[in-house]
2 protein chains.
Amino acid sequence: MARPKAQPYHHGQLREALAASGRALLEEKGIRGFTLRECARRAGVSHAAPAYHFASIDDLLAELAVRGFQELAAAMTAEADRAEGGATGRLVGQGVGYMAFAAGNPALFQLMFSRDANRLETPALTAAADAVRKLQAAAVEAVIPHASGEVKQRMVDFAGASVHGFISLLLDGQIGGKDSSRALKARGLSLLSAMAETVVRVGG
Amino acid sequence: MARPKAQPYHHGQLREALAASGRALLEEKGIRGFTLRECARRAGVSHAAPAYHFASIDDLLAELAVRGFQELAAAMTAEADRAEGGATGRLVGQGVGYMAFAAGNPALFQLMFSRDANRLETPALTAAADAVRKLQAAAVEAVIPHASGEVKQRMVDFAGASVHGFISLLLDGQIGGKDSSRALKARGLSLLSAMAETVVRVGG
DNA sequence: CCTGAATCTTGACGTTGGAAAGAGGCAGAA
DNA sequence: TTCTGCCTCTTTCCAACGTCAAGATTCAGG
């Protein structure tokens, strides 16, 4: 019978607690401001406690990235399912979900797509990132089912690059410095529709 | 009369030397592996010497980013000038220059477009990044001179996002994992032509 | 209750970025 | 020239970092 609360089992869920405090810390201080000790401090444990659950600080960051990719995939799917307008509508919706996740978790998003995180290359990280790419590829190919494999690949490249590039530049302040959030959303949607039209035109 | 070599004036060009060793170190170890002390070590000075030339490590990184943007602008212009095919050819050429710079300086490129560097927001950094954006905008607008201001802006967004997104994903290993360099260049050029066609079609 | 393994704490080591104080070297004034 | 003041660099110090080793605590199963 596990003790319900109070001091729940040594700590009990330290791995989860560290992932949670780590994620918050990441968004708060950015990648360069992220420290393992502060992460442990927020979880209420000593500075060496994380070592048992994560081999190194990079290992923790990799775990955060894995969870980020999983959440990104879920956000894309959810938004695509909500969309109307057939395959093209789903493609645009998936892009909306992608951008919304990035806008809501900018530091995590940056970590996920930084070569530092990629340098870890744990199997879990590779798999999680692959799942997102498969989702993107499927959405594009559903729009142009009769195109050749090569054309499909080029359109997958194109769609993924447009969406990723726009939101990345936006989050870095390279796009729409003083524009309102509303105006920026309009620019994002406009980009998504131009992207979708190009996929349809070139692929169809 | 300045002493020619040997121990040239205290150090003489420490700021330049630090920028050079810093840039090399950045590409070698990545942003997270970058340390001020190693940077000083490679320049042959004590670990506190950089303090006089750069207020902090972030200040040094900002300087590297500024120089990166200047070099990026030069690479874009050079490639555009070399291109044939009028305004559309220049637009594609500029994209080639952009991608070539990023591929040749991946860590620096990542630094330039990381919100960490942007958090510095020195006037020089803002100006250098602005210059690159102006170059991009001019190249797009030259292709669609009769379009409305709004359409022009959307196409500038679109062109910049496509190019930036593709090379970013490529450098992060999210595109073309095991493809040959030759095949990747073909995919990049294919993306650039799809981008240019869309600009012409939507804007014209 | 007892024992072994899992979990966490304490303490230490080497490294980092930065501040403070001092030494060395240059330029202009005398 | 010599002197004086400033610029540049070194040395020393500090708190904080990531990681390791050793000890303490707590759980699970016999």
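Within every chain, numbering begins at 1; the chains are lettered A, B, ... in the order of the sequence lines, protein sequences first and strands thereafter.
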(request) Using only heavy-atom distances, decide whether a donor-acceptor pair under 3.5 angstrom links the side-chain of B/His47 to the base of D/dT11. (result) no
(request) Could you tell me the separation between the CG atom of B/Asp58 and the P atom of C/dT16, rounded to a whole number of Å? (result) 17 Å
(request) Describe the nucleic acid contact of A/His53 in one word from base, sugar-phosphate, nothing, applying a heavy-atom distance below 4.0 Å. (result) sugar-phosphate
(request) Whole angstrom is fine here: how far is it from CZ in B/Arg15 over to P in D/dC9? (result) 12 Å
Show me the donor-acceptor pairs, under 3.5 Å and distance only, between side chains in residues 94-110 of chain A and residues at least two apart or in other chains.
from, atom 1, to, atom 2, distance (Å)
A/Tyr98, OH, A/His164, ND1, 2.9
A/Asn105, OD1, A/Arg23, NH2, 2.8
A/Asn105, ND2, A/Phe101, O, 2.9

(request) Supply the atom-to-atom distance A/Leu36 CG to A/Phe54 CZ, rounded to the nearest 0.5 angstrom. (result) 9.5 Å
(message) With the threshold set at under 4.0 Å for non-hydrogen atoms, list the residues of residues 27-36 of chain B touching DNA chain D in residue-number order.
(response) none
(message) I need the CZ-C1' distance between A/Arg37 and C/dG17, as an integer number of Å.
(response) 16 Å
(request) Round to the nearest Å and state the distance from B/Leu60 atom CG to C/dG18 atom C1'. (result) 14 Å
(request) Please tell me if the side chains of B/Gln70 and B/Val132 come closer than 4.5 Å, counting only heavy atoms from C-beta onward. (result) no
(request) Compare side-chain N and O positions of B/Arg41 against OP1 and OP2 of C/dT16 and report whether any pair is under 4.0 Å apart. (result) yes
(message) How many whole angstroms separate atom CZ of B/Phe54 from atom P of C/dG17?
(response) 14 Å
(request) Could you list the residues that satisfy salt bridge (charged side-chain N to carboxylate O under 4.0 Å, His left out) with A/Arg37, not counting sequence neighbours? (result) none
(request) Taking the side chain as every heavy atom from C-beta outward, state whether B/Met155 and B/Val143 have any atom pair closer than 4.5 Å. (result) no
(message) Nearest whole Å is fine: how far is D/dG18 P from A/Leu18 CG?
(response) 12 Å
(request) Could you tell me whether a side-chain N or O of A/Ser162 sits under 3.5 Å from a main-chain N or O of A/Phe158, the two making a donor and an acceptor? (result) yes
(message) Using whole Å, what does the distance between atom P of nucleotide D/dC7 and atom CG of B/Leu14 come to?
(response) 16 Å
(request) Quickly work out the B/Ile57 CD1 to C/dT16 C1' distance and round it to whole Å. (result) 9 Å
(message) Any carboxylate oxygen within less than 4.0 angstrom of a Lys/Arg side-chain nitrogen, looking at A/Arg154 and A/Asp157?
(response) no
(request) Report yes if at least one side-chain N or O of A/Tyr52 is closer than 4.0 Å to OP1 or OP2 of C/dT7; otherwise report no. (result) yes
